Number of protein chains: 2
Amino acid sequence: MPNPTNQAPADPAPRSMRSASVRTANLSQVLSALHFHGPLTRSDLCAYTGLTRSSVAVQVSELTDAGLVFEQAPQSDGRPGRPSPLVTFSTDIAALAIEVEVDSIAAAVFRLGGESLAERRLARTRSQVRVEDAIADIGTLARDVLADAGSPTIIGTGVGVVGLVEEAENTVTMAPNLGWDNVPLGQLLANEIKDCGEIRVGNEANLSARAESTRGAGRDANDMIYLSGEVGVGGGVISNGRPLTGRSGFAGEIGHLTVNPDGRNCGCGSIGCWETEIGIRALLERAGLNPDDGADAADTLWDHADRGEEQARDALATTGRWLGIGVSTLINIFNPDVIVLGGMYRTGYAHLIDAVRAELETRVLPPLRGAAIVPSILGDSAILIGAAEMAFEHALADPIGTMSSIRT
Amino acid sequence: MPNPTNQAPADPAPRSMRSASVRTANLSQVLSALHFHGPLTRSDLCAYTGLTRSSVAVQVSELTDAGLVFEQAPQSDGRPGRPSPLVTFSTDIAALAIEVEVDSIAAAVFRLGGESLAERRLARTRSQVRVEDAIADIGTLARDVLADAGSPTIIGTGVGVVGLVEEAENTVTMAPNLGWDNVPLGQLLANEIKDCGEIRVGNEANLSARAESTRGAGRDANDMIYLSGEVGVGGGVISNGRPLTGRSGFAGEIGHLTVNPDGRNCGCGSIGCWETEIGIRALLERAGLNPDDGADAADTLWDHADRGEEQARDALATTGRWLGIGVSTLINIFNPDVIVLGGMYRTGYAHLIDAVRAELETRVLPPLRGAAIVPSILGDSAILIGAAEMAFEHALADPIGTMSSIRT
DNA sequence: GATAATTTGTGCGAACCGTGAACAAATAGT
DNA sequence: ACTATTTGTTCACGGTTCGCACAAATTATC
């Protein structure tokens, strides 16, 4: 059969660039500049993107036609010259973010630019969650929160889950805390919630890392490591501004680096995982408290330490030392700008940081020192923010394409 | 002062794309396809790049004009249809690769496509190397090897060094084995060797990782970890096809992850670094040999083990166990496709791998298993190959730009 | 050995994109 | 009111790929 179109294979490798790629890339530049820096004048956009006024005019008008942004009347800023109109996000374009935790499910709606429009959280008591129940709960939660937000056009959906997530498949491969195994969460949700754009699923710690990197404590860092823990310890790595995924998207399981080969048994089947030394169970046990009391007990432990109780202080020093040992390893491996501590390491930051720093002084290679160790500034909302950022990613990379695919 | 050119800031952000960017990107596609897949017909290039015949014709003619490639007469391949001319690398375009080891200095010339044209190695006896001497030695070695190769046009130079290298500055920040401290090797070499294009300096293990990823055991892997060791233990990480650098290019110091917090003192000042358990000193000591004997002693140890000597076997089992502990950590963190073992872990691969695998079975999170552990296939030439690949990187990204900057 | 089928190179117009200059508009300062 | 300054608008221009029509070169078939 002769090829009717004569040439243009188009099937195997879409790596090449054409004129349209230039337009897409520049639209992405403009919309990303707005998303990450907030509303800007057209003049500012020229400076941020390096495009000429003529070109920015075209990009903005195209984004306006797509309904993504609009221009506000120019405001005089006191300097001479014709004032430039302010380009702002449309009010009815947003992303849906969903968080599946052990003890709660949450959903939120974020506008372009990162502003939260609505948030709802549903507490759960049981730890084992039936998949069908979870899907149904997420569905009603999503519908409610979308109504709260004024039913905006949803550009994409991001889901954060406690467990290993195969990102390319949007599948939860293993989530022991939920009792889930190979759950195709993306597909299941696509049937439950409609008109919510492309659905992407990610690990909660990786999403928190993404959030802190974009809008949190790692905003100015190119290379960042996020570490969070309560019962389990998870993390995420941002390398050169982009999340580290690994082969299947499982990268960042830093709770299971071996720090003490002859130490305690870990739930994962290994021995001496970092998690067994810096997790909340080890901390509470060292402090003479009930290891099963969970996250709330940590707050009482901070109080005890504040009051100067010796066992509490010792427990924190020991835990801080182990924290420092692992952090040293991470710094030597990744050479990051910043390490962001979330979860109980954020609330207990003041009680732990000295022991951590002491350990770093001997264990980090001298030229690699200088990495900042800071607490998370987004706290518990990091997961939802990161899920939203993941959902925005496609729209930012190809604004017109995703908009036209939304309005089928 | 009014702006004479009216607009076009051009100074701060060169992120935007124009028509010329498209051409550059597509030229890069074509040349890279040739570099990594070997000579291809124009028709093949259409398939690899997704460009049309018209476009490929333009790209090839431009690369030909720049002197990078030429077309060979078409050869009939037995199938019907007009035969397509074969696009091949010019014979006189090459990269210079230099390797600065503790006990030797080497230089080599590689043609586009990766073929080695010439190689020379200069042994050294003393371990402390004066910088001036090293520069002079490298200079003569480079001149000699370039003459051997027929004085090709050098498109770029890559230097691999045993030590921490600040890649952006082309500076050796710390190289204890050479006794170097903050040596601006790139600048110094630029004065010594002329007409060798842009000079880039990198860490030897990172370059080996790059080499194995491009042309070695990690060729088909997107995510790869390279591990090499003799006295010191180094490594490099390829994430999503690209080398992990970290903030200053120091990333990948996996010899200094803490595996045994109360273990032996490490030369870096820390305690229980992986290097202290899997380095050659620990191995020889366990086998009852002289820890200071160096790399040659390892070969005799393999012999002892082959002959069934118990202490040798025990030493290898113990070392293999520690090797497995660290590799498990790396897999849990990075979720790689492949782990490539170089240095003495390549020569001793058969004696170590069983103990490593045994450890992985309990320590790696189940969904992360399946990472292949394989020996390096480039062996000792990995560093030079990686250095050449680093040198090629610029030319592949912007062929015409670098060629015109070469012919000043 | 001639013809058909197939594959590929070549040439050219069309479409798309950003540039940059000229001009107009809008503001502050004098 | 006038000038300086900054910015939006318009438009011709150069650069790039695409896709078609045609020619060229090879194999398969009769």
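Quantities reported herein were computed from a predicted structural model and do not represent experimental measurements.
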When you measure from the side chain of Ala57(A), which nucleotide among dT9(D), dC18(D), dC17(C) comes out closest?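 In terms of side-chain proximity for Ala57(A), the closest of dT9(D), dC18(D), dC17(C) is dT9(D).
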Could you give the [atom1]-to-[atom2] distance, from [X] to [N], as a whole number of Å?
X: Arg42(A); N: dA25(C); atom1: CZ; atom2: P; value: 16 Å
X: Asn26(A); N: dC16(C); atom1: CG; atom2: P; value: 17 Å
X: Met17(B); N: dG15(D); atom1: CE; atom2: C1'; value: 14 Å
X: Leu51(B); N: dG19(D); atom1: CG; atom2: P; value: 11 Å
X: Glu71(A); N: dT9(D); atom1: CD; atom2: C1'; value: 13 Å
X: Ile400(B); N: dG15(D); atom1: CD1; atom2: P; value: 15 Å
X: Arg53(B); N: dA25(D); atom1: CZ; atom2: P; value: 15 Å
X: Arg23(B); N: dC18(D); atom1: CZ; atom2: P; value: 11 Å

For Val87(B) and Leu63(B), run side chain to side chain contact (heavy atoms under 4.5 Å, CB included): C-alpha distance rounded to whole Å, both residues' side-chain angles, the deciding distance at 0.1 Å, then the answer. CA-CA 10 Å; Val87(B) 184; Leu63(B) 292 175; over 6 Å; no
Using the ring-ring contact (aromatic ring centres under 6.0 Å, His included) criterion, which residues pair with Phe392(B)? Sequence neighbours excluded.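 So Phe392(B) forms a ring-ring contact (aromatic ring centres under 6.0 Å, His included) with His35(B).
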Between OG on residue Ser28(B) and CG on residue Asp398(B), distance to nearest 0.5 Å: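 Reported value, rounded in 0.5 Å steps: 8.5 Å.
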Does Gln59(A) reach a base, just sugar-phosphate, or nothing at all? Heavy atoms under 4.0 Å.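 The residue Gln59(A) makes sugar-phosphate contact but no base contact.
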Evaluation steps, side chain to side chain contact (heavy atoms under 4.5 Å, CB included), between Asp337(A) and Met224(A): CA-CA 6 Å; Asp337(A) 297 287; Met224(A) 194 204 84; over 6 Å; no
Can you establish whether the number of heavy atoms outside Gln72(B) located under 6.0 Å from its atom CD is more than 12?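 Yes, CD of Gln72(B) has more than 12 neighbouring heavy atoms, counting only those of other groups under 6.0 Å.
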[X] vs [N]: side-chain N/O to OP1/OP2 distance below 4.0 Å:
X: Ser43(A); N: dT7(D); result: yes
X: Thr52(B); N: dC18(D); result: yes
X: Arg18(B); N: dT19(C); result: yes

Below 4.0 angstrom, which residues in residues 72-87 of chain B have at least one non-hydrogen atom near DNA chain D?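 Going residue by residue through residues 72-87 of chain B, the ones with a heavy atom under 4.0 Å of DNA chain D turn out to be Ser76(B), Gly78(B), Arg79(B), Pro80(B), Gly81(B), Arg82(B), Pro83(B).
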Main-chain N/O of Ser16(B) paired to Asn26(A) side chain as donor or acceptor, under 3.5 Å: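 The answer is no, because no donor-acceptor pair under 3.5 Å joins these two groups.
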Please report the closest heavy-atom contact between Ala33(A) and Leu40(A), naming both atoms and the distance.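 Scanning both residues completely, I find the closest heavy atoms to be O-CD1, 4.0 Å.
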Donor-acceptor pair (no angle test) under 3.5 Å: Ser54(B) side chain, dG19(D) base: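 Present.
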Both Thr41(B) and Ser19(B) contact DNA chain C. Which one's nearest nucleotide lies toward the 5' end?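 Looking at DNA chain C, the more 5' nearest nucleotide goes with Thr41(B).
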